Amino acid sequence: MKKARALSIPRHLPVLREVGMPMKQQPEDLAILGGRPAFTDPLHVGCPNIGDKQRLFARLDGMLERRRFTNDGPLVREFEERLAKRLGVRHCLAVCNCTAGLEIAIRAAGLTGEVIVPSFTFVATAHALMWMGLTPVFADVDRDTHTLDPKSVERLIGPRTAGILGVHLWGRAFDADELSDLAKRHGLVLMFDAAHAFGCTYRGIPVGRLGLATVFSFHATKILNSLEGGAITTDDDDFAAKVRLLRNFGFAGYDRVVSLGTNGKMSEAAAAMGLTSLESFDDFVTVNRRNHGLYARALADIPGVRLLAYDGAEENNFHYVVLEIRAVQAGLTRDQLHAILWAENILTRRYFYPGCHRMEPYRSIFPDAGHELPATEDLVCSVLCLPTGAAVHTGDIATIAAIIRLATEQSAEIVPRLTATTR
Ligand SMILES: *Cc1c(COP(=O)(O)O)cnc(C)c1O
């Protein structure tokens with residue numbers, strides 16, 4: 001029987017609830033126009049989830065008693081086993097973070113030349129390729145799913161293409177079958193950055209079992225966290241053996257180095273947090289699902305504001321609450337709404353503005369990449385992520401939604417009063 005455990009929900013004090021300040025109703029109520037901010041403490045996107053503290057302390061205590069802090073210790077092994085079981089994969093190799101995991105996976109796959117990757121992702125996806133001496137080639141994404149558009153990928157396949165690195169953006173399922181077919185037809189390696197997608201499925205298959213390998217992030221801000229950390233999953237025995245060597249300096253035994261390697265190991269303290277976080281994972285998803293549903297109801301029917309839905313037929317972690325703001329219908333731009341919410345201490349994020357292709361070093365290397373990426377160029381200017389997770393209370397969501405509604409409904413009066421920089 002599953003033991004019921006209390007969710008530890010960090011308390012912060014939303015002003016509206018504490019002092020009963022009425023919901024904001026007119027432009028003057030907005031903090032950006034001189035009103036009082038809705039929250040005294042900032043509300044973050046990706047405020048870390050915390051599991052059962054006592055379980056964490058017990059694990060750390062055991063670690064200290066054993067004096068075994070790293071190098072494939074018992075907590076790391078237990079974490080790997082539990083992850084592999086949950087994901088249904090043969091091999092799960094914990095690493096110090098997702099970026100190092102991507103680098104190790106790229107090298108273990110023996111990739112050289114070019115790898116096709118979305119520009120609409122966190123910059124680490126592209127950096128990992130570049131850091132390993134490969135050339136990231138930016139493909140466009142599908143406007144609806146926000147993930148790699150197979151047609152754009154196919155157009156970019158050339159004689160130097162070695163692989164495709166897909167990203168399970170926002171943890172939402174996307175057509176991996178089509179990418180898989182494409183990779184097979186052209187003899188390309190297919191790998192995935194699943195930094196957002198722990199606990200998600202594609203056609204009922206857990207993310208982590210697709211392609212040659214999948215790399216997860218357990219960074220503090222991700223749904224499952226090990227403070228810093230990540231994991232590489234694969235069903236390929238040879239690939240797993242290579243990863244094992246590469247993440248530990250190429251050591252095959254005491255004093256025996258058989259290949260180039262790096263230090264990609266996960267520490268025992270990280271695994272202690274990871275195991276604790278994993279035990280509460282289903283509770284985190286429950287809170288995220290509740291939050292997402294509340295946002296969906298509260299933001300319904302606002303012209304120009306679309307909340308990205310998750311596919312009900314799949315398992316989702318609901319870790320990202322993603323809005324698309326269409327300025328023509330909403331009456332204000334994404335950046336204006338972002339500024340209005342920041343003034344209220346609602347620290348929304350413009351993930352993944354301005355797109356990897358507009359960041360260095362890629363901007364200088366591929367100055368014209370934008371022409372090939374119409375959907376990406378559109379999304380980087382229209383997407384806004386809202387705070388969620390255990391630190392966000394139900395009342396907070398009503399407050400945030402009411403501000404978004406006020407800002408859009410009365411945009412004609414508000415926008416001219418914003419400062420020139422915001423406009
Ligand atoms: C967070 C993130 C990473 C990097 O993860 P780290 O564990 O911080 O290295 C890579 N890709 C995507 C899409 C991410 O969101």
Side-chain angles (χ1 to χ4, degrees), residues 44-49 76 79 83 92-107 115-132 134 136 138-139 141 145-148 164-174 176 191-200 207-208 210-211 213-233 243 247 262-267 269-271 273-274 277-278 288 308 317-322 349-357 359 362 376 379-380 383 385 388-389:
H44 293 276
V45 172
C47 182
N49 286 323
V76 166
F79 189 38
L83 291 171
C92 174
L93 298 120
V95 286
C96 55
N97 60 59
C98 171
T99 308
L102 285 167
E103 289 159 12
I104 290 169
I106 289 159
R107 194 180 281 275
V115 172
I116 298 171
V117 66
S119 169
F120 193 50
T121 177
F122 183 56
V123 73
T125 320
H127 276 356
L129 291 165
M130 198 79 188
W131 195 263
M132 287 290 109
L134 285 109
F138 295 117
V141 291
T145 66
H146 295 192
T147 53
L148 270 182
I164 303 168
L165 179 52
V167 180
H168 295 285
L169 207 76
W170 318 132
R172 290 162 86 239
F174 77 107
M191 296 201 298
F192 291 99
D193 174 341
H196 298 179
F198 185 81
C200 303
V207 164
L210 308 165
T214 299
V215 187
F216 292 92
S217 172
F218 307 134
H219 181 258
T221 58
K222 305 300 201 291
I223 184 160
L224 175 67
N225 90 83
S226 64
L227 312 173
E228 288 266 11
I232 303 169
T233 58
V243 168
R247 83 172 165 178
T262 184
N263 182 356
K265 293 183 269 88
M266 176 178 273
S267 74
M273 183 63 173
S277 189
L278 187 59
N288 281 350
L308 245 69
N317 63 27
F318 298 92
H319 190 52
Y320 292 90
V321 175
V322 184
R349 297 298 304 269
R350 297 180 294 181
Y351 293 148
F352 287 96
Y353 176 81
C356 294
H357 68 288
M359 293 175 174
Y362 314 107
T376 302
L379 291 173
V380 295
V383 163
C385 289
T388 187

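Whatever order the structure lists them in is the order used to number ligands and atoms, beginning at 1. Residue numbers start at 1 and run along the sequence shown. No hydrogens, no waters, no symmetry mates; every other heavy atom, side chains included, goes into these values. Quick caveat: nothing in here was measured; it's all calculated off a predicted structure.
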**OP:** Anything with a heavy atom under 4.0 Å from ligand 1 counts, so go ahead and list those protein residues by chain and number.
**Re:** N97, C98, T99, T121, F122, A124, T125, D193, A195, H196, S217, H219, K222, G229

Original post:
Taking H319 for the side chain and I223 for the main chain, is one N or O donor matched with an acceptor at less than 3.5 Å?
Top reply: yes

Original post:
Roughly how far, to the nearest 0.5 Å, is CG of L102 from CZ of R107?
Top reply: 14.0 Å

Subject >> Pairwise side-chain contact, M266 with S226, heavy-atom cut-off 4.5 Å (strictly under) >> reply: yes

**OP:** Tell me, please, which residues at least two apart from H219 pass ring pair (Phe, Tyr, Trp, His ring centres under 6.0 Å).
**Re:** none

Subject >> Which residues share a ring pair (Phe, Tyr, Trp, His ring centres under 6.0 Å) with H196, sequence neighbours left out >> reply: W170, Y320, F352

Compile the donor-acceptor pairs under 3.5 Å between side chains in residues 115-122 and protein atoms, sequence neighbours left out, one pair per line.
| unit_1 | atom_1 | unit_2 | atom_2 | d |
| --- | --- | --- | --- | --- |
| S119 | OG | C356 | N | 3.1 |
| S119 | OG | H357 | N | 3.1 |
| S119 | OG | H357 | ND1 | 2.6 |
| T121 | OG1 | T125 | OG1 | 2.8 |

